[in-house]
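Below you'll find the structure, written out as structure tokens, and then a few comments.
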Amino acid sequence: MNTNHTDSTSLAGRIDWITVIVPFVLILFLCVSFVLAPEQSGQLLSSIRSLFGDTLGLCYLIIGLGVFLLSLYLAFSRYGTIRLGKPDEKPKYSDFAWSSMMFTSGLAADILFYSFCEWILYANDPHIAELGSMQIWSSTYPIFHWGPIPWSFYLVLAVSFGFMLHVRGCHKQKYSEACRALLGNRVDGICGKLIDLLALFALLAGTATTFALATPLMAQVFSELTGIPDSRWVTIGILVVTCIVYTYALVHGMKGISRLSASCIYLFFALLAYVLLFGGETRYILETGFSAIGNLAQNFFSLATFTDPLRTTSFPQNWTIFYWAYWMVWCVASPFFIGSISRGRTVRQTILGGYGFSLGGTFLSFLILGNYSLGLQVSGKLDVMGLYAAAGDLYATITAVVQTLPLAPLILILLVAAMIAFYATSFDSIALVASSYTYRQISGDEDPHRLVKMFWAVMLILLPIALVFSQNSMTNLQSVSIIAAFPVALVILLIIASFLKDARQYLKENIT
């Protein structure tokens with residue numbers, strides 16, 4: 001069903017204005033605070049972040065490992081037989097279209113960015129020295145931090161939302177609605193409203209945070225190619241171009257999003273294939289990657305449960321807990337989108353297929369791009385660590401790494417094109433989910449009104465543009481994301497418990 005012909009009066013009546021206005025007012029208040037009182041705001045947020053990340057950090061680790069183990073249980077138990085749709089329904093999208101949209105709906109641009117440089121952040125960490133060789137551990141930790149546990153957040157919630165939308169036929173696409181089986185009618189009152197406001201606030205904070213990571217890299221590459229000095233206006237220009245791309249795809253509905261996702265995958269694998277085959281480090285990349293996967297498999301549970309109780313290095317507090325929290329904040333949008341496009345697939349197919357495609361793309365990115373730059377370091381072709389230590393600039397370091405490749409200018413263009421496409425597809429899914437979220441009621445098959453989608457497409461880009469003018473605010477907003485992840489984690493547990501209760505009842509009713 002398409003509601004693009006709905007008149008403005010009835011459209012305004014269908015919008016849940018509280019969930020639209022309140023989060024924006026709160027985000028605006030934070031931005032003004034960061035700009036007018038950056039030091040005081042930063043100190044306050046740092047204290048709160050320390051409470052959640054350090055004092056309560058164990059909770060993040062327990063939730064992460066628990067959700068991963070639950071995902072395996074759901075896939076291989078009787079829950080795995082539940083089809084997200086009618087019992088005999090076929091998948092709505094082909095495997096390629098489904099996997100492309102799933103991979104690009106999340107943190108794909110961040111994955112591409114961190115693939116080049118994450119090992120650099122770990123290489124000199126005292127914890128790596130405690131474990132042993134930089135060669136093996138600095139290539140293992142990136143695929144751990146972007147591997148099965150963070151993706152399990154997406155996949156478990158995706159089947160929860162998919163069950164809600166396609167099996168129960170829910171007409172409210174909200175976080176609170178996913179808790180109805182557990183909380184009952186309380187989700188229609190203030191309890192549900194608080195859950196929904198928290199979810200949208202986390203979505204907005206996470207959106208601005210992720211743009212902070214890679215947009216400066218695209219701006220620097222653009223300046224390198226054109227000779228135009230890097231400035232905030234270049235960054236804003238890139239943000240605007242990204243907004244135009246994803247708005248165009250968004251207003252054309254799922255067909256536009258699907259085509260853009262497919263384009264992303266082609267650009268992404270073209271980049272990976274070029275680096276692997278023509279970068280001159282093929283043997284090193286393959287052998288180091290093979291060793292890293294084996295090392296991760298052998299030490300997975302020790303990495304997932306390491307807490308550093310004596311705080312000798314605070315490695316899990318600085319990194320592992322940060323990443324789990326960062327993915328939790330993004331759990332508001334991406335799993336909803338993955339659940340909506342998984343119609344016709346079983347819980348088992350969604351989880352195992354999700355792991356296969358998502359981990360495949362993620363691991364290939366880190367093992368090829370990361371081990372290429374690591375290979376330059378250990379072979380002495382480029383002092384990558386020295387460049388980073390001298391300038392403290394990951395963006396300049398990544399640019400220097402790419403410039404060691406044959407036809408470097410063309411590869412820089414390919415890199416920027418892939419990142420813009422990845423950002424565009426990620427924000428397509430976010431804007432689509434946010435559009436549906438702001439309706440009082442909307443079915444799983446209904447397309448939000450074009451005006452609503454355009455509103456969110458523009459609003460999601462305004463905050464990152466505003467933050468370009470205040471670098472301190474960017475760091476502070478990252479702290480806001482980490483802080484927001486703690487209550488979001490509690491809601492995630494409510495949604496999972498509600499799904500298990502509802503799905504258990506469904507199996508009783510339909511399987512004798």
Side-chain angles (χ1 to χ4, degrees), residues 95-96 99-100 103-104 107-120 123 134-136 138-143 146-147 214 217-218 220-222 224-225 260-296 356-385 387-388 394-423 425:
D95 288 344
F96 177 76
S99 60
S100 298
F103 182 70
T104 57
L107 295 169
D110 293 354
I111 289 171
L112 184 56
F113 168 74
Y114 272 113
S115 294
F116 278 104
C117 65
E118 184 155 336
W119 70 267
I120 305 170
M134 179 197 81
Q135 158 71 22
I136 185 64
S138 62
S139 59
T140 299
Y141 257 112
I143 59 174
W146 297 83
L217 173 61
M218 293 188 284
Q220 185 163 44
V221 171
F222 177 81
E224 187 79 24
L225 292 170
L260 186 57
S261 298
S263 300
C264 275
I265 295 300
Y266 293 135
L267 290 171
F268 176 61
F269 282 105
L271 176 64
L272 296 186
Y274 187 86
V275 173
L276 177 64
L277 298 176
F278 303 107
E281 300 288 341
T282 304
R283 181 190 62 80
Y284 178 84
I285 289 172
L286 295 176
E287 292 181 358
T288 301
F290 193 67
S291 298
I293 292 174
N295 194 45
L296 175 63
F357 290 116
S358 61
L359 292 183
T362 303
F363 280 15
L364 282 174
S365 184
F366 277 98
L367 295 178
I368 293 175
L369 302 181
N371 290 339
Y372 174 74
S373 58
L374 181 59
L376 296 177
Q377 175 71 41
V378 298
S379 66
K381 295 178 181 177
L382 181 68
D383 185 7
V384 181
M385 294 172 61
L387 285 173
Y388 178 61
L394 280 175
Y395 310 112
T397 305
I398 293 173
T399 304
V401 168
V402 176
Q403 286 177 330
T404 63
L405 290 164
L407 303 175
L410 292 179
I411 303 308
L412 286 171
I413 293 173
L414 178 61
L415 174 62
V416 170
M419 296 194 77
I420 289 177
F422 270 142
Y423 267 136
T425 48

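Just so it is clear, the structure is predicted and the values come from calculations on it, not from any experiment. We count residues from 1, following the sequence as given. Hydrogens, waters and symmetry mates are skipped; everything else that's a heavy atom, side chains included, is used.
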Can you sort out the partners of [X] under side chain to side chain contact (heavy atoms under 4.5 Å, CB included), two or more places apart, ordered by chain and number?
| X | result |
| --- | --- |
| Ser373 | Trp119, Val401 |
| Ser100 | Phe96, Ser261, Ile265 |
| Phe290 | none |
| Gln135 | Ser133, Tyr284, Thr288, Leu374, Val378 |

Any idea which heavy atoms bring [X] and [Y] closest together, and the distance?
| X | Y | value |
| --- | --- | --- |
| Ala123 | Met385 | CB-CE, 3.7 Å |
| Cys117 | Leu394 | CB-CD2, 3.7 Å |
| Ile143 | Ser139 | CG1-O, 4.1 Å |
| Ser379 | Gly375 | OG-O, 2.7 Å |
| Leu405 | Gly279 | CD2-CA, 3.7 Å |

Would you give the length of the straight line joining atom [atom1] of [X] to atom [atom2] of [Y], rounded to the nearest 0.5 angstrom?
| X | Y | atom1 | atom2 | value |
| --- | --- | --- | --- | --- |
| Thr399 | Leu225 | OG1 | CG | 9.0 Å |
| Asn371 | Thr282 | CG | OG1 | 12.0 Å |
| Phe113 | Met218 | CZ | CE | 10.5 Å |
| Leu267 | Leu415 | CG | CG | 10.5 Å |
| Gln377 | Asp383 | CD | CG | 5.0 Å |
| Tyr274 | Ile411 | OH | CD1 | 4.5 Å |

>> In the structure I gave you, are the side-chain heavy atoms of Leu271 and Leu112 within less than 4.5 Å of one another anywhere?
In response: yes
> Any side-chain heavy atom of Leu387 sitting closer than 4.5 Å to one from Leu382?
Replying inline: yes
> Using the ring of each side chain (for Trp, its six-membered ring), is Phe268 parallel, tilted or perpendicular to Phe103, with breaks at 30° and 60°?
Replying inline: tilted
Donor-acceptor contacts under 3.5 Å from residues 356-370 side chains, at least two apart:
{"residue": "Ser358", "atom": "OG", "partner": "Gly354", "partner atom": "O", "Å": "2.4"}
{"residue": "Thr362", "atom": "OG1", "partner": "Trp151", "partner atom": "NE1", "Å": "3.2"}
{"residue": "Thr362", "atom": "OG1", "partner": "Ser358", "partner atom": "O", "Å": "2.7"}
{"residue": "Ser365", "atom": "OG", "partner": "Ser115", "partner atom": "OG", "Å": "2.6"}

> In chain order, what residues pass the salt bridge (Lys or Arg N to Asp or Glu O under 4.0 Å) check against Glu224, with sequence neighbours excluded?
Replying inline: none
